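Values in this document were obtained by computation on a predicted structure and should not be read as measured data.
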Amino acid sequence: MSTQTTFGFLGASLLSLPVEILYYLHLLALNPALPLTSKHLYKVFRGAPPSISAHYLFHRYSTTSKDLAGIISSVLRYPLCTLEVFKRFLSILPDEYRHLYPNPRQTCNAPPVLETPMRLFKLPKRLFRDLKQSEADGDRNESTHAFLKHLYNLPPITYPNSGKTQSMLPDSNSHNGYPLAKAVMARDTRLIRLLLAHKADPNRNGGISVLLAIKNRDLQLVKLIVEGKPQRKSRKGKGISKGSDAKAKKRNSSSFVGDGKDLVVVDNVMLGVAVQEEARDIVEWLVKEKGCVPDIKTLRSMG
């Protein structure tokens with residue numbers, strides 16, 4: 001029997017197996033190329049239940065030397081890790097991975113990592129890469145919003161035999177401020193508020209988030225990023241007066257970021273971009289409200 005005939009026979013036999021056995025073989029092989037060998041296998045594994053996908057991701061990374069935050073950072077990178085898969089992934093983690101040590105294989109005699117109230121894991125770029133413009137598409141970013149809210153509200157990790165707990169939270173400044181910059185490009189103010197509320201820093205990467213907002217010629221967006229304060233409106237759409245009741249003030253306080261200080265110190269670069277984009281309202285706000293003094297080059301451009 002020729003090699004080609006043998007391969008064809010084995011391939012046909014594999015494709016005829018029940019999906020339950022195919023799932024089992026997939027978990028044994030742990031080979032990301034297996035679903036790509038045929039359209040049938042791709043369809044089977046693409047439609048696998050969250051429990052199968054969660055076990056696949058766990059076994060793919062269970063032999064690594066990364067700590068729990070590192071494992072979560074790696075797992076989140078893959079489109080296979082949907083919100084439901086991630087929930088199941090956390091539920092199947094054995095106790096030995098809920099540890100204070102950087103390596104799951106280390107013994108209790110190994111020095112613990114620095115004990116802090118929280119540990120951070122990276123947000124994957126894939127959650128922000130294809131954000132849609134909010135003005136045109138409304139809730140088309142709802143899946144990203146839901147996933148992020150779940151990540152920001154993960155329960156603390158309890159470490160066995162230690163009585164200690166530690167918060168496990170995403171790093172809002174992952175990839176040098178990529179999440180906030182992409183949210184600004186999409187003009188998704190709801191996502192921007194969420195990131196700012198969880199310590200996203202608009203100063204990252206040369207203040208690219210502020211510069212993108214200025215290029216969009218959106219004064220309210222610039223104010224939100226610089227001041228960390230969303231525009232407050234009453235039910236009728238009018239600005240809230242100073243005499244608003246205490247309940248309304250308390251209800252809106254959670255949307256504000258920081259202690260009243262600006263998140264960004266504006267400079268001539270930002271003013272120059274505003275002048276270049278002919279965003280007159282932003283230029284006026286930067287000069288009159290924020291006291292940004294234009295340099296000679298900017299003055300000539302304004303002249």
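- Among Val222, Leu221, Leu211, the single residue meeting the side-chain contact (heavy atoms from CB on, under 4.5 Å) criterion with Asn216 is Leu221.
- Here CG of Leu212 is found 6.0 Å from CE of Met185. Values are rounded to the nearest 0.5 Å.
- Leu34 and Leu15 fall within a single hydrophobic cluster, where Ile, Leu, Val, Met, Phe, Trp and Tyr side chains are chained together by heavy-atom contacts under 4.5 Å.
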Stepwise salt bridge (Lys or Arg N to Asp or Glu O under 4.0 Å) check, Glu277 with Lys215: CA-CA 6 Å; Glu277 296 295 327; Lys215 284 182 175 291; 3.5 Å; yes

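- Between Thr82 and Pro50, the closest side-chain pair of non-hydrogen atoms is not below 4.5 Å.
- Under the 4.5 Å side-chain heavy-atom criterion for ILVMFWY residues, no single connected hydrophobic cluster contains both Leu36 and Leu25.
- Side chains of Asp188 and His145: a donor-acceptor N/O pair is present below 3.5 angstrom, by distance only.
- By the rule that hydrophobic residues join a cluster once side-chain heavy atoms approach within less than 4.5 Å of another member, Leu154 and Ile92 end up as members of one cluster.
- Of the N and O atoms on the side chains of Tyr152 and Ser172, at least one donor lies less than 3.5 Å from an acceptor on the other residue.
- Within a 6.0 Å radius of NZ in Lys182, more than 12 heavy atoms belonging to other residues, nucleotides or ligands are found.
- Note: Leu219 CG to Leu224 CG = 11.0 Å, rounded to the nearest 0.5 Å.
- A donor-acceptor distance shorter than 3.5 angstrom exists from the side chain of Asp201 to the backbone of Asn203, with no hydrogens or angles considered.
- Between the Ser174 side chain and the Leu123 main chain, a donor and an acceptor come within less than 3.5 Å of each other.
- Annotation: the span from Arg60 atom CZ to Leu80 atom CG amounts to 10.5 Å, rounded to 0.5 Å.
- Nearest heavy atom pair, residue Leu131 against residue Leu191, reads CD1-CD2, 3.6 Å.
- In this structure, Arg126 places its CZ atom where more than 12 heavy-atom neighbours from other residues, nucleotides or ligands lie under 6.0 Å away.
- Using a cut-off of 4.0 Å between Lys/Arg side-chain N and Asp/Glu carboxylate O, Glu284 and Lys288 are scored as salt-bridged.
- When hydrophobic clusters are built by joining Ile, Leu, Val, Met, Phe, Trp and Tyr residues whose side-chain heavy atoms come closer than 4.5 Å, directly or via intermediates, Leu263 is not grouped with Val265.
- Both Leu27 and Phe89 are members of a single hydrophobic cluster when ILVMFWY side chains are connected at heavy-atom separations under 4.5 Å.
- Put simply, the side chain of Ser53 never gets that close to the backbone of Val85: no donor and acceptor are under 3.5 Å apart.
- Ring geometry for His175 versus Tyr178: interplanar angle over 60°, hence perpendicular rather than tilted (30 to 60°).
- Expressed to the nearest 0.5 Å, how far SG of Cys292 lies from CG of Asn268 amounts to 5.0 Å.
- Although no hydrogens or angles enter the test, the distance criterion places no donor-acceptor pair under 3.5 Å between the side chain of Asn141 and the main chain of Thr144.
- Annotation: Lys87, atom NZ; neighbour count of heavy atoms from other residues, nucleotides and ligands within 6.0 Å is above 12.
- The distance from the CH2 atom of Trp285 to the NZ atom of Lys290 is 5.0 Å, given to the nearest 0.5 Å.
- In terms of modelled atom types and a separation under 3.5 Å, the side chain of His26 and the main chain of Leu22 share no donor-acceptor contact.
- The pair Glu142-Arg190 meets the salt-bridge criterion, with a side-chain N (NZ, NE, NH1 or NH2) lying under 4.0 Å from an Asp/Glu carboxylate O.
- Although no hydrogens or angles enter the test, the distance criterion places no donor-acceptor pair under 3.5 Å between the side chain of His150 and the main chain of Ala146.
- Atom CD1 of Ile214 sits about 6.5 Å away from atom CE of Met270, to the nearest 0.5 Å.
- Residues Phe121 and Asp171 form no side-chain contact, since every pair of their non-hydrogen atoms from C-beta on lies 4.5 Å or further apart.
- The closest side-chain heavy-atom distance from Pro35 to Val44 is not below 4.5 Å.
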